[in-house]
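Only one structure is covered here, and it is reproduced in the block below.
Each chain gets a letter, A, B and so on, in the order the sequences are listed, and its residues count up from 1.
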Amino acid sequence: MASPSWLEAVKERARRALDKPAAYGPDVDISVFRDGGPADEASVASVAEAVGVSPKAQAFYIQADNAYFRYLSRIPGVEVYRIEEFVDAHRDLARDYLWRLVPPDYDKFTAVAALRGVGGYVIRVKSGVKVESPILACLSIVRGGLQAPHNVVIVEEGAEAVVYTGCVIAPEAVGLHVGISEFYVMRNAKLKFIMVHSWNKAAHVRPRTGVYVEEGGEYVEYYANVASVKTLQTSPRIILKDGAKAHATSVVLGRGDAVIDIGTAAVLDGEGAGAELVTRAIATGSSSVTMRAVVEAYKPARGHVECSGLLMSDRARVVTIPQLSAFNNDAVLTHEASIGKLAEDEIYYLMAKGLTYEEAVSLLVRGFVTTDIHKYLPEQARRYVESLERQIVEKAL
Amino acid sequence: MFILENVSVSVGGRELLRGISLSLGRGDIFYILGPNGVGKSSLLKAVMGLPGYEVTAGRVVLDGVDLAGFSTYERAARGVALAFQVPPRLHGVRVGALLSHICKKTGCDAGEIAKAVEIEHLFDREVGKLSGGESKRVELATVLAQRPKVALIDEPDSGVDVESLSIVARGLKELAAGAGLIVVTHSAHIARYLAPTRVCVLYGGVFKKCGGQEVIDEVFAYGFSKLA
């Protein structure tokens with residue numbers, strides 16, 4: 001079936017941006033990454049398991065490279081599609097939701113995703129449907145190359161859902177991952193989204209995410225980078241309307257010579273909207289982590305930014321760049337930031353409690369990565385986040 | 001038996017205390033009274049082997065073993081525990097996680113200990129974000145969890161309300177059932193709840209006066225300056 005004309009227009013915009021560098025982060029030569037080849041089922045299962053995604057789930061989407069796709073939903077009121085299937089089956093709906101929050105000409109990475117991207121999921125939770133069990137997704141690079149899936153989550157009015165997405169790469173693969181994500185949280189709906197990245201030391205990662213939260217909606221996001229990566233740059237943007245709330249927490253581990261530049265932007269465009277953006281970065285080896293956080297308030301609303309960096313090596317580097325902009329005099333915006341190594345008095349305090357040096361450091365690092373996001377998550381998601389925190393601590397040490 | 005034998009303590013290279021001697025066994029409660037800044041906390045930190053606080057003369061002996069050269073961890077592992085006056089912030093560490101880690105080492109039941117000092121409701125709270133009274137109770141819980149032979153209790157009665165103080169006192173009594181206690185305090189309010197075995201007043205870097213309950217009564221009546 002021929003592409004709809006609106007999609008052709010998207011591609012035309014993308015073509016004009018193919019040389020447009022990203023605003024932040026190191027540049028990557030996209031031309032060296034070919035489209036990924038076929039992947040076998042055993043390899044896919046093994047990498048999916050690494051991020052806790054199994055086809056035994058009630059609803060799931062698994063994609064390996066650009067050639068292997070499995071997805072289904074056993075949950076009434078929840079639809080899971082591969083994006084190409086969604087575009088074919090729901091042309092008008094697709095036009096309303098694709099490339100609306102992430103412009104195809106935002107930079108060369110969105111451009112390449114619009115032109116060469118294959119796959120990605122569409123998860124649609126119907127109006128009023130409240131789903132307790134998580135909807136799982138795994139996007140994996142098994143053989144290497146470019147993977148640019150386009151993911152859309154639509155949580156309709158009054159609906160509630162929990163979505164986990166794991167993005168992972170096989171240890172020997174060399175890949176570029178450009179995940180486009182557009183999430184719509186409709187009026188009084190709730191979306192709790194957990195994303196875990198488990199890359200390798202050769203992987204380049206450039207996710208591009210937009211989130212739109214309608215009146216009274218709630219968006220909770222937990223992002224964790226739990227393994228090595230060569231370069232990672234992302235800056236999701238969340239738009240909040242009247243009374244909408246967002247709590248976004250990112251916990252990022254820098255290992256080896258990784259260059260990481262992350263940050264979330266919240267646009268408070270509704271009266272009574274609220275956003276809390278929390279980032280924790282642990283930099284080990286000679287890694288470099290930059291944390292950006294932006295809150296813009298156009299209406300009477302509240303925003304808070306918290307960036308904390310932990311230096312675990314003399315060669316590591318952490319930078320925090322919080323930015324608050326108020327365009328309404330009833331807005332209240334605050335931020336706090338800190339960077340440092342583990343405090344010696346805290347280590348000795350714990351040793352005075354009978355812990356060894358290693359146990360003391362481990363407990364302090366665990367404390368560092370433990371945030372208040374737990375209180376916004378259901379029990380099962382909380383346990384999942386705790387397991388991610390344990391992984392980060394193990395790898396940080 | 002825990003013994004300080006003619007101990008001198010220096011902080012940052014400056015001698016703060018000299019000739020400090022005491023001994024105590026299980027069940028003993030030894031009060032060290034003194035005004036602010038006299039070096040009471042420094043003595044406890046030096047005994048615990050914390051960096052910056054040095055025992056420059058004399059001996060610290062636990063069950064016949066001189067603790068000189070032992071690290072902070074080794075002293076704790078041998079049965080010395082310190083309840084800090086002001087614990088460090090421990091960014092993000094939850095009360096439950098802290099107690100569980102200690103109990104993993106000693107085999108204690110974190111839930112039972114929490115119950116003893118009424119902190120069950122604080123398990124998910126950050127250690128560094130507690131009120132004064134809550135912090136004292138959590139600090140005491142960590143020492144109970146250590147199951148020490150000697151517990152060094154730094155200002156258990158500062159910055160706490162009456163209710164918290166009675167809970168702290170109850171916890172200290174429980175602790176004294178299995179350990180000797182050295183309790184330092186500048187206000188001695190805790191002594192209303194917990195009778196001393198022996199009391200010494202630290203002033204001018206030395207034990208100025210020692211005795212029993214009558215020393216506490218004297219301090220309450222006349223203050224520390226009369227003893228100087």
Is the number of heavy atoms from other residues, nucleotides or ligands under 6.0 Å of [X] [atom1] greater than 12?
| X | atom1 | value |
| --- | --- | --- |
| A/Asp314 | CG | no |
| B/Glu15 | CD | yes |
| A/Arg317 | CZ | no |
| B/Glu74 | CD | yes |

Across all chains, not counting sequence neighbours, the ring pair (Phe, Tyr, Trp, His ring centres under 6.0 Å) partners of B/Phe84 are A/Tyr349

Answer key: most heavy-atom pairs under 4.5 Å with chain B among A/Ser338, A/Ser362, A/Gly354, A/Ser308 is A/Gly354

Note: vs chain B, highest number of non-hydrogen pairs under 4.5 angstrom among A/Thr356, A/Leu364, A/Leu342 is A/Thr356

Output for pair (B/Thr72 OG1, A/Ile347 CD1), nearest 0.5 Å, gives 11.5 Å

dist B/Arg75:CZ -> A/Met351:CE (nearest 0.5 Å) comes out at 11.5 Å

Query - 4.5 Å side-chain heavy-atom contact, A/Arg366 and B/His101 - result: no

* Does any non-hydrogen side-chain atom of A/Asp345 lie less than 4.5 Å from one of B/Leu50? -> no

Correct closest heavy-atom pair for A/Glu344 and B/Pro51 would be OE1-CG, 4.4 Å

Among residues 103-128 of chain B, residues within the sub-4.5 Å heavy-atom range of chain A, in order of number, are B/Lys105

For residues 143-151 of chain B against chain A, heavy atoms under 4.5 Å, the residues are B/Val143, B/Gln146

- Looking only at atom types and distance, does a side-chain atom of A/Lys353 sit under 3.5 Å from a main-chain N or O of B/Leu82, one as donor and one as acceptor? yes

Turns out that what part of A/Leu350 lies under 4.5 Å from chain B's heavy atoms comes down to side chain

Listed by number, the residues in residues 369-381 of chain A that come under 4.5 Å of chain B (heavy atom to heavy atom) are A/Thr370, A/Thr371, A/Asp372

If one checks every heavy atom of B/Arg89 against chain A at 4.5 Å, the contacting part turns out to be both

